[in-house]
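Below is one structure, written out as structure tokens, with a few remarks after it.
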Amino acid sequence: MADKQKITREEALAYHLDPRPGKIDINASTPMATQRDLSLAYSPGVAVPCEVIAETPETAYDYTTKGNMVAVISNGTAVLGLGNLGALASKPVMEGKAVLFKRFADVNSIDIELDTEDVDEFVNAVRLMGPSFGGINLEDIKAPECFMIEQRLKEVMDIPVFHDDQHGTAVICAAGLINALHLSGKKIEDCRIVLNGAGAAGIACIELLKAMGARHENCIVCDTKGVIYQGRTEGMNQWKSGHAVATDLRTLEEAMDGADVFLGVSVKGAVTPEMVKSMADNPVIFAMANPDPEITPEEAQAVRADAIVATGRSDYPNQVNNVLGFPYLFRGALDVHARAINDEMKIACARALAELAREDVPDEVAMAYGRKLSFGRDYIIPTPFDPRLIYTIPPAVAQAGMDTGAARRPIIDLDTYAKDLQARMDPTSSIMQGLYARARNAQARMIFAEGDDPRVLRAAVAYQRQGLGRALVVGRDADVAEKLEAAGLADAARELEIVNAANTRHLETYKEFLYTRLQRKGYDRQDIHRLAARDRHVFAASMLAHGHGDGLVTGATRKSAQILEMIGNVFDAKAEDGAVGVTALLHSGRIVLIGDTLVHEWPSDQDLALIAERGAQVARGLGLEPRVAFVSFSTFGYPVSERAEKMHQAPRVLDQKGVDFEYDGEMTVDVALNPALRELYPFNRLSGPANILVVPARHSASISVKLMQEMAGATVLGPILTGLDRPVQIASTISTSNDILNMAVMAACEIGQV
């Protein structure tokens, strides 16, 4: 188990402040450049869809964003585990929920905070906003008001109303329980189930399990006052009363004796090892209290090796995570224009999740988590970043909606629907998440060469506090401490390992190594001393060369060409050594690699082939299947130009090498990226849009990258230095702390290493 990640107040506030306050922007999805565009978007053109919708209301799903828009609504009376913070203080959470809708299921979402604790006022406000949205996600509303609000809104609204604190937890819990019982050879109708925690999530969990076949008399619900039994009056309400049973049991400890299943949505430490010991054979324990479970997996399995344990924590196996449910439930419901999300749709979601966990796990998921995942006691619930979720769960939900009459507009071809879902998702987030998971598994000692730069220091602190590994910062102790304090990270000075020529015992070793490499290149021993002791890039590279760190990230304070020259004193990093710089551009849900952006000034056809090979290597490291295009201003020989000839010849070099990836050229960049244009050349060898562009020279690579960065707002990773025998990554001088952290993660994953 990885250590729990540490996030400071300063880091959390900085994340929500930069680069702009909050986490959400709104972008136009139609052209807005000309007067004609504006006339169509607003007056007079907008009158036409208004008239159509007035005549036929269901066409609002065709002419507006209603069909892909969810409102995340709260009054802030139960914010996370913080209690009643009020409507305004809940806004960061609701913005976060809106972001998750977009990230995981491409559902547009807006947060709305209602400043009232009056149920009638809340219900009326939401009801009146109904025409704006395709669904309502209620969030962080305290019990029992949340039950009243949801029920009344369901009665008066004709769109899905879903309180995720209740039903999101219930759906994922149900999915995990299906598989846990499958492994233990038990049936839900025969199981004795104990629930501890009779709030919103707990009540929803037990109700959904009963809808799936659990027997009322076999389900014991407990709260802070013990077992909820028939005749109890203390601390009761109508929702608890609905789950009271005729029993002599009065305490959680008594209820646990002989139980098959424990569900906890209560507090840390509520379950003792003795309670677990008293459970039936092959007990199922879902200790879902956050941030600390009712009992840890280690504690439970120490007394019951046969136990199947799930928690709400990401650092344990079997995480019960709501993000596996609500985005995909709404995606499926919205796409059939559902009137509601009913029990059948929730059960369909749970069953689809359970079935997905039993399938073979794709290599990219296993690679992301740093271990092979296969169905069993430690893998009963899919991981949140499984790319199959988006095209597996919504079709199951949509089908259930159609079968139960909740759908207004059925989907005729579910196979095509699944393919459409797969195509619309942004792969970049999954790739980055996978890299971070791999880095966390690698636990690399990362050398940050420029400890005098606050961005580098913030990245180093984040690297270590996110549990990615050990951060080694090259700098002077006093200077690093001062800059950390100015950044609001004074406590981090004790956490980081600060290294410099004055405090290392390896300086003489580094100098001897450098003298051996450089003595025939005009360097005397005094030159070597200055290099090793005064140039932090050479010093940091020497650390890496001698195994005193596992990776190196630098480049924030000096131009990449200068950095490469200094690193070349320690490593063979020139064009003739096989080094190549590849830059990743992330934009509008696409990833394109461009090479060479760092090393080769004017590459030959042989060099271009090597750049293609290095690019394919980086692509595979990122989880992409390489498709290389050699790009120029000509396409397959026209117009004829001596300048384009080497781009024409480079694929032939790869033909001779017999490489195992797709490639073709020369072609213009629009042919390489646009499927419609590529169809004009049916003889081309690419099966899809190119994701690696090999350009004629370093200047064209630089122009391409910087143009995309400045004009299109593309995220830039790199240049990723490949061809070295140790992982070195060079950030740019305009990098943010997050960019530098990403480069450190790339180094930890050894992206580009031979």
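Using a 3.5 Å distance cut-off with no hydrogens or angles, the side chains of Glu613 and Gln617 do not pair a donor with an acceptor. Between the side chains of Asn68 and Thr65, no donor-acceptor pair of N or O atoms lies under 3.5 Å. Remark: the Tyr436 side chain and the Asn742 side chain contain an N/O donor-acceptor pair separated by less than 3.5 Å. Side-chain polar atoms of Asp37 and Thr34 form a donor-acceptor pair below 3.5 angstrom.
Pairs of residues two or more places apart, or lying in two chains, that qualify as salt bridge (charged side-chain N to carboxylate O under 4.0 Å, His left out) and include a residue from residues 594-611 are Glu601-Arg698. Sorted by first and then second residue, the salt bridge (charged side-chain N to carboxylate O under 4.0 Å, His left out) pairs involving residues 666-682 (not counting sequence neighbours) form an empty list.
The two residues Trp602 and Ala697 come nearest to each other via the heavy atoms CE3-CB, 3.3 Å. Residues Gly581 and Leu598 come closest through the heavy atom pair CA-CB, 3.7 Å. Nearest heavy-atom pair across Ala333 and Met345 is CB-CE, 3.9 Å. For the pair Glu662 and Gly688, the tightest heavy-atom approach, listed with the atom from each and the gap, is OE1-N, 4.5 Å. When all heavy atoms of Pro395 and Leu414 are compared, the closest pair comes out as O-CD2, 4.2 Å. Closest approach of Ile611 and Gly595 over heavy atoms only: CG2-C, 3.6 Å.
A heavy-atom distance below 4.5 Å is found between the side chains of Pro675 and Pro689. Counting only heavy atoms from C-beta outward, the side chains of Ile24 and Asp111 approach each other to under 4.5 Å. In this structure, Ile172 and Asn321 have side chains that are not in contact, with every pair of non-hydrogen atoms separated by 4.5 Å or more. Between Thr722 and Val618, some side-chain heavy-atom pair lies under the 4.5 Å cut-off. Counting only heavy atoms from C-beta outward, the side chains of Leu693 and Leu593 never approach each other to under 4.5 Å. Looking only at side-chain heavy atoms (C-beta outward), Pro394 and Tyr417 come within less than 4.5 Å of each other. Residues Val599 and Lys574 have side chains not in contact (no heavy-atom distance under 4.5 Å, counting atoms from C-beta outward).
Within the 3.5 Å criterion, the main-chain N or O of Ala579 finds no donor-acceptor partner in the side chain of Asp577. No donor-acceptor distance shorter than 3.5 angstrom exists from the side chain of Asn691 to the backbone of Pro626, with no hydrogens or angles considered. The backbone N or O of Arg685 lies less than 3.5 Å from a partner atom in the side chain of Asp664, making a donor-acceptor pair. A donor-acceptor pair is defined here as one N or O able to donate and one able to accept, closer than 3.5 Å; such a pair exists between the side chain of Arg614 and the backbone of Gly578. In this structure a side-chain-to-backbone donor-acceptor pair under 3.5 Å is missing from Arg408 to Val336. A donor-acceptor pair under 3.5 Å links the side-chain atoms of Arg455 to the main chain of Ala556, judged by distance alone. Side-chain N or O atoms of Gln399 include none that pairs as donor or acceptor with a backbone N or O of Ala348 at under 3.5 Å. Distance alone, capped at 3.5 Å, is enough to place a donor-acceptor pair between the Ser735 side chain and the Ser732 backbone. A distance-only check finds a donor-acceptor pair linking the side chain of Arg331 to the backbone of Ala105 [under 3.5 Å].
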>> Quick one, Glu359 with Arg388, criterion salt bridge (Lys or Arg N to Asp or Glu O under 4.0 Å). Give me CA distance, side-chain angles, the key distance, then yes/no.
In response: CA-CA 11 Å; Glu359 296 179 8; Arg388 300 171 297 173; 3.6 Å; yes
>> Please evaluate residues Asp420 and Tyr391 with respect to the criterion side chain to side chain donor-acceptor pair (under 3.5 Å), reporting the C-alpha separation (whole Å), side-chain torsions for both, the decisive distance (0.1 Å), and the verdict.
In response: CA-CA 8 Å; Asp420 290 343; Tyr391 59 86; over 6 Å; no
> Would Val70 and Leu334 count as a side chain to side chain contact (heavy atoms under 4.5 Å, CB included) if you check the C-alpha gap in whole Å, the side-chain angles of each, and the deciding distance to 0.1 Å?
Replying inline: CA-CA 9 Å; Val70 168; Leu334 290 170; 3.9 Å; yes
> Between Lys97 and Asp164, is a salt bridge (Lys or Arg N to Asp or Glu O under 4.0 Å) present by the stated rule, with each step listed?
Replying inline: CA-CA 10 Å; Lys97 194 62 172 283; Asp164 188 49; 2.8 Å; yes
>> Applying side chain to side chain contact (heavy atoms under 4.5 Å, CB included) to Tyr379 and Val361, what does each step give before you reach the verdict?
In response: CA-CA 10 Å; Tyr379 180 68; Val361 180; 3.6 Å; yes
>> Using side chain to side chain donor-acceptor pair (under 3.5 Å), reason through Asp739 and Thr736 one step at a time and then give a plain yes or no.
In response: CA-CA 5 Å; Asp739 295 332; Thr736 65; 3.1 Å; yes
> Which is it for Asp106 and Lys102 under the salt bridge (Lys or Arg N to Asp or Glu O under 4.0 Å) test, yes or no, and what are the steps along the way?
Replying inline: CA-CA 4 Å; Asp106 196 25; Lys102 188 66 176 178; 2.7 Å; yes
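Taking the six-membered ring where the residue is Trp, Phe636 and Tyr681 present tilted rings, their angle falling between 30° and 60°. Note on ring orientation: taking the six-membered ring where Trp is involved, the planes of Tyr61 and His337 are parallel (angle under 30°, cut-offs 30° and 60°).
The environment of Lys23 atom NZ is dense: over 12 non-hydrogen atoms of other residues, nucleotides or ligands sit within 6.0 angstrom. Other residues, nucleotides and ligands contribute only 12 or fewer heavy atoms inside 6.0 Å of the NZ atom of Lys419. Around CG of Asp360, the count of heavy atoms belonging to other residues, nucleotides or ligands within 6.0 Å does not exceed 12. Counting heavy-atom neighbours within 6.0 Å of Glu565 CD, excluding the residue itself, gives a total of 12 or less.
Glu58 has no carboxylate O lying under 4.0 Å from a charged side-chain N of Arg409, or vice versa, which leaves the two without a salt bridge. Ion pairing between a basic and an acidic side chain is recognised when a charged N comes within 4.0 Å of a carboxylate O; Arg726 and Glu750 show no such pairing. Of the charged side-chain nitrogens involved, at least one lies within less than 4.0 Å of a carboxylate oxygen, so that Arg20 and Asp25 count as a salt-bridged pair.
Here Met69 contributes atom CE and Lys66 contributes atom NZ; the two are 11.0 Å apart, rounded to the nearest 0.5 Å. Between the CD1 atom in Ile563 and the CD1 atom in Ile730 there is a gap of 6.5 Å [rounded to 0.5 Å]. The distance from atom CG of Leu356 to atom CD1 of Ile381, rounded to the nearest 0.5 Å, is 12.0 Å. To the nearest 0.5 Å, atom CG of residue Asp386 and atom CG of residue Leu353 are 10.0 Å apart. Taking CE of Met402 as the start and CD1 of Ile412 as the end, the distance is 7.5 Å to the nearest 0.5 Å. Here the CG atom belonging to Leu677 is positioned 9.0 Å from the OG1 atom belonging to Thr635, to the nearest 0.5 angstrom.
Annotation: cation-pi geometry not satisfied between Lys646 and Phe630 (NZ/CZ under 6.0 angstrom from ring centroid, within 45° of ring axis).
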Could you list the donor-acceptor pairs under 3.5 angstrom formed by side chains in residues 706-721, with sequence neighbours left out?
none

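Ring-centre distance between Phe326 and Phe101: below the 6.0 Å cut-off.
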